[in-house]
Amino acid sequence: MQVAYYQDKLIHLPTCERDKWQQLYMASMRQEVTCIHCHTPLRMEIGIHAPAQFSHSQMTQECQTVASLMESKLQIKEQADENQNHSNNDSSIHLPKRRAISDSSVSEDRIWKEPETIKAIPTFHDKQTHENSKDLSGYRLTLKEKGIYLDDNQWSAVTTTEGPLLILAGAGSGKTRVLTTRTAYMLSELDYSPKEMILVTFTAKAAKEMKDRMRIYPGLDPAILQQLVVGTFHSIFYKMLLHHEPERWDAANLLKLEWQRQAMLKEAGREIDLDEKDFAFDQALTQISWWKNHLLSPEQVKAKDIWEERVSYLYKRYEQMRQAKRLFDFDDMLLGTHRLLSENPRLLKRYQQRFSYVSVDEFQDINKVQVELITMLTEPTKNLCVVGDDDQSIYAFRGSDPSYILSFKERYKNTKVVVLDENYRSNHEITSSANNVITTNRTRFQKTLRAQTSIDQAPLLFYPYDEEEEATMIVTDVKKQLENGAYPREFAVLFRTNSSARALLERFISSSIPFQLDADGESFYRRKSVRKILAYLRLAMNPDDSQAMSDLVGALFLKQHVIQDIKATSIMEDCTLVEALPHIPGLQAFQTKKLASLPEKFNQLKTMSPVEAISFIESSMGFNDYVKKQGNEGNKMERGSDDVRDLKVAANLHTSIHAFLEHTEHMVAKYDELRKQRGNIEAVQLMTIHRAKGLEFKHVYIIGAAEGGLPHDYALDAWREGDDKPLEEERRLMYVAMTRAEESLKVSTPMMRRGKKAFRSRFVREMQRFAPKQQLSQSERSR
């Protein structure tokens with residue numbers, strides 16, 4: 001059904017502006033959209049596979065007849081209007097007519113676009129990897145009988161135990177199986193001592209999984225596994241420190257909580273007049289960690305801009321305060337081990353003899369201090385096995401650098417390279433599409449993943465109008481699949497940044513679908529710039545809102561201590577907090593003059609729609625000046641101006657400031673609840689691509705595949721300035737996201753982003769063209 005009544009007006013979807021669809025959808029959820037015949041509430045459906053339509057739960061023949069007649073009448077009228085426009089050749093001015101969604105003259109971003117499947121998929125050649133293997137004797141045959149299958153390249157990696165070994169393990173190629181089988185093979189078949197082996201992982205979860213897996217291998221006594229050292233960099237090297245310098249590295253002195261470290265930075269920040277509410281201290285901690293992991297002391301840091309100058313000062317003071325109190329953080333564990341071994345050659349030699357065989361998982365994510373430690377330990381024997389995939393290196397912000405895996409053969413001569421290029425997770429259609437994307441990167445090992453299975457279902461591209469419609473389409477699509485027997489745990493929706501998932505999260509909250517949000521940070525509505533805009537709106541509705549005034553003062557270029565003066569003035573003058581602003585004592589004349597106009601402007605806000613109010617706050621109440629002064633708030637990933645544009649998209653769905661503020665408060669409360677609800681296995685997973693690495697799901701949605709979203713704006717800015725490393729990492733992010741999918745992959749390319757016309761992601765364009773043949777030869781893949 002394409003027609004309905006809303007607010008006593010006839011709605012015809014083919015001629016309704018596309019940016020109104022989401023408002024209609026929300027109204028239909030409130031039962032405000034009704035049938036034109038029987039006036040029963042209708043539900044509007046916005047899905048991926050068909051244009052929007054109204055559904056009638058109690059459809060009668062009369063309802064269908066009346067609706068069909070009205071649709072025909074409207075279509076005839078539309079065609080007549082169109083013909084009139086074409087036949088009228090006089091010079092008079094005509095107002096533009098709205099067009100039906102099938103009209104080719106309508107702007108592309110205003111019409112519903114048919115989803116399309118990826119066509120650039122090569123012919124699938126079935127390859128029975130296991131059955132065609134030439135060597136299925138001995139230990140390999142025993143493993144097969146236990147249900148542990150290994151292809152030829154995997155077996156080659158397992159049986160290479162001496163010298164430097166680089167295992168390039170593509171997505172879904174069974175790297176964990178290879179690493180655990182290799183360890184089991186060395187222990188049970190070759191009788192290596194577990195005491196001389198060390199297996200380094202990047203997460204405690206991965207370490208536990210490896211030990212659990214090895215319990216099923218034949219010939220491995222549990223007592224042997226108990227002696228095997230498996231753990232993260234931090235856990236392994238901290239034990240060394242604790243053994244040799246127990247007082248210095250007492251766990252009681254560990255700064256293990258972020259708020260503890262932030263408190264020290266804020267104390268240092270007050271020394272240079274940094275406002276606690278306006279400065280991104282969390283990002284400062286990330287930057288300091290990056291410097292420490294690159295072995296840069298405060299004295300060695302060369303600041304590139306004002307932001308880094310401030311952070312370098314915080315870094316210096318943080319180190320001074322930490323050392324004065326004999327405290328240490330997680331980064332110090334590795335730095336401390338590096339110092340300990342560098343200053344004690346005899347101790348280093350003992351550890352080199354103790355750990356003769358070193359294996360490192362996820363080597364593409366390694367950083368400088370970790371590389372130095374591994375190099376020191378393996379210097380005499382060079383018995384180092386590293387497993388990783390340069391195409392999945394996505395943690396540059398933590399200090400990871402893919403150049404270490406790319407240059408491994410140069411650092412370790414006579415390295416044997418084994419490429420695991422058989423994908424046992426994703427089907428051929430998904431794997432091929434991912435290959436199309438990643439082969440565009442220039443700085444990588446040339447390899448092509450091959451899938452084991454093929455299905456008649458290529459990855460799908462779909463085209464929502466904007467972020468709001470994107471979220472609605474996904475919720476609708478997931479709901480239909482759940483109704484057809486799918487399980488919530490089989491679905492994941494992946495996004496580039498937490499802020500880009502705002503609409504998605506709100507739509508899932510409004511649905512009946514069980515879901516889990518795996519994200520760090522606070523709610524979108526608590527972000528710095530957003531919180532200040534909302535403070536303006538709250539003060540417009542209640543000029544005595546003290547919390548809103550506290551949130552706002554920074555945007556007025558006032559210090560937090562002024563709050564007490566505002567409250568005192570309000571009492572003395574018997575006026576509201578807003579009215580007290582022009583009477584704050586001790587301000588410069590130009591400040592008082594600016595504040596004098598604010599009370600009247602707050603009054604004007606009351607009569608505006610939320611979107612109009614936000615624009616007025618930006619242009620007429622000085623907020624643009626504040627954002628400009630703040631720059632990117634110290635965070636190149638999420639800028640204040642971008643947050644405001646996102647806020648406008650959310651505000652556009654509400655007709656009053658009061659309703660919008662109620663919505664934001666509800667969403668903040670729901671977000672806090674979700675943060676506490678962890679571990680819900682039977683739920684759709686909403687997470688960043690970074691969080692999804694290492695996971696797999698039957699059905700995956702990737703949102704925001706538009707220029708500026710994925711790839712991110714900061715990478716495009718760097719690329720324009722001649723640095724393509726961030727862009728290549730963004731491409732690796734897309735590759736990681738795509739290869740999480742086992743059976744189906746759907747990629748969203750919104751037509752609008754943050755209220756402006758969006759352009760299809762270059763990665764989507766790459767999906768649609770065949771990857772060049774750059775596969776390694778058999779001799780190169782196992783050498």
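Each residue takes its place number in the sequence, starting with 1.
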Side chains of [X] and [Y]: closer than 4.5 Å at any heavy-atom pair?
| X | Y | answer |
| --- | --- | --- |
| Q364 | L406 | no |
| Q457 | E743 | no |
| E730 | F763 | yes |
| M738 | V437 | yes |
| I288 | L265 | yes |
| S499 | R527 | yes |
| T431 | T739 | no |
| L460 | I48 | yes |

Looking at [X] and [Y], would you say the former's side chain and the latter's main chain have a donor-acceptor pair under 3.5 Å?
| X | Y | value |
| --- | --- | --- |
| D389 | L168 | no |
| D466 | D19 | no |
| T472 | I46 | no |
| D724 | L727 | no |
| R444 | K447 | yes |
| E258 | D282 | no |
| N427 | I455 | no |
| N441 | E728 | yes |
| S407 | E410 | no |
| Q685 | A683 | yes |

Over all atoms of both residues, closest heavy-atom pair of [X] and [Y]:
| X | Y | result |
| --- | --- | --- |
| A396 | W290 | O-NE1, 3.4 Å |
| S744 | H699 | OG-ND1, 2.7 Å |
| G47 | T476 | CA-CG2, 4.1 Å |
| A705 | M734 | CB-CE, 4.3 Å |
| L179 | V387 | CD1-CG2, 3.5 Å |
| D365 | S400 | O-OG, 2.6 Å |

Could you work out, with salt bridge (Lys or Arg N to Asp or Glu O under 4.0 Å) as the rule, every residue matching D331, not counting sequence neighbours?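 Here no residue qualifies.
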So, using salt bridge (Lys or Arg N to Asp or Glu O under 4.0 Å) as the criterion, who are the partners of K292 when residues are at least two apart?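 Testing K292 for salt bridge (Lys or Arg N to Asp or Glu O under 4.0 Å), a comparison that skips the adjacent residues, returns E319, D329, D332.
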Side-chain donor/acceptor pairs under 3.5 Å, residues 366-373, sequence neighbours excluded:
| from | atom 1 | to | atom 2 | distance (Å) |
| --- | --- | --- | --- | --- |
| N367 | OD1 | V369 | N | 3.4 |
| N367 | OD1 | Q370 | N | 3.1 |
| Q370 | OE1 | N367 | N | 3.0 |

Check whether more than 12 heavy atoms from other residues, nucleotides or ligands sit under 6.0 Å from atom NZ of K698, and answer yes or no.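 Result for NZ/K698: open.
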Residue R720 excluded, over 12 heavy atoms near CZ under 6.0 Å: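 Yes.
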Does the plane of the ring in F623 sit parallel, tilted or perpendicular to the ring in Y626? Use 30° and 60° as the thresholds.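 Plane angle between 30° and 60°, so tilted.
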Hey, can you tell me if Y701 and F491 have their rings parallel, tilted or perpendicular (30° and 60° cut-offs)?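 If you compare the ring of Y701 with that of F491, the planes turn out parallel.
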Donor on one side chain, acceptor on other, [X] and [Y], under 3.5 Å:
| X | Y | result |
| --- | --- | --- |
| T117 | K119 | yes |
| T176 | E209 | no |
| Y404 | R411 | no |
| Q768 | R760 | yes |
| E429 | S454 | yes |
| E114 | Y463 | no |
| N435 | Y735 | no |
| Q452 | E422 | yes |

Atom pair [atom1] ([X]) and [atom2] ([Y]), whose distance is rounded to the nearest 0.5 Å:
| X | Y | atom1 | atom2 | result |
| --- | --- | --- | --- | --- |
| L384 | S359 | CG | OG | 7.5 Å |
| S500 | D646 | OG | CG | 8.5 Å |
| N652 | L647 | CG | CG | 11.0 Å |
| S173 | L420 | OG | CG | 4.5 Å |
| I430 | R740 | CD1 | CZ | 11.0 Å |
| E721 | L716 | CD | CG | 11.5 Å |

Taking the six-membered ring of W719, is NZ or CZ of R731 closer than 6.0 Å to its centre and within 45° of its axis?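 Verdict for W719: no cation-pi partner in R731.
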Among R754, R502, K528, find the one that has a salt bridge (Lys or Arg N to Asp or Glu O under 4.0 Å) with D642.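 Of R754, R502, K528, salt bridge (Lys or Arg N to Asp or Glu O under 4.0 Å) with D642 is met by R754 alone.
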Only one of R753, R645, R496 passes salt bridge (Lys or Arg N to Asp or Glu O under 4.0 Å) with D713; say which it is.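 Checked R753, R645, R496 against D713; only one passes salt bridge (Lys or Arg N to Asp or Glu O under 4.0 Å): R753.
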So does K670 pair up with E506, basic N to acidic O under 4.0 Å?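 Answer for the salt bridge query: no.
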Under a 4.0 Å N-O cut-off, is there an ion pair linking R425 with E696?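 A salt bridge links R425 with E696.
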Does the ring centre of [Y] sit less than 6.0 Å away from the ring centre of [X]?
| X | Y | value |
| --- | --- | --- |
| H690 | F397 | yes |
| W307 | F279 | yes |
| Y671 | Y525 | no |

Apply salt bridge (charged side-chain N to carboxylate O under 4.0 Å, His left out) to E469 and R507, showing your working. CA-CA 10 Å; E469 192 174 288; R507 209 67 68 248; over 6 Å; no
Could you give me the CA-CA distance, side-chain angles and deciding distance for R732 and D390, then say whether salt bridge (charged side-chain N to carboxylate O under 4.0 Å, His left out) is met? CA-CA 9 Å; R732 293 193 292 268; D390 55 305; over 6 Å; no
Determine whether F233 and I374 satisfy the following criterion, side-chain contact (heavy atoms from CB on, under 4.5 Å), listing intermediate values before the conclusion. CA-CA 10 Å; F233 275 98; I374 293 300; 3.8 Å; yes
Where do W21 and E468 land on the side-chain contact (heavy atoms from CB on, under 4.5 Å) test, with the steps shown first? CA-CA 10 Å; W21 281 15; E468 298 289 346; over 6 Å; no
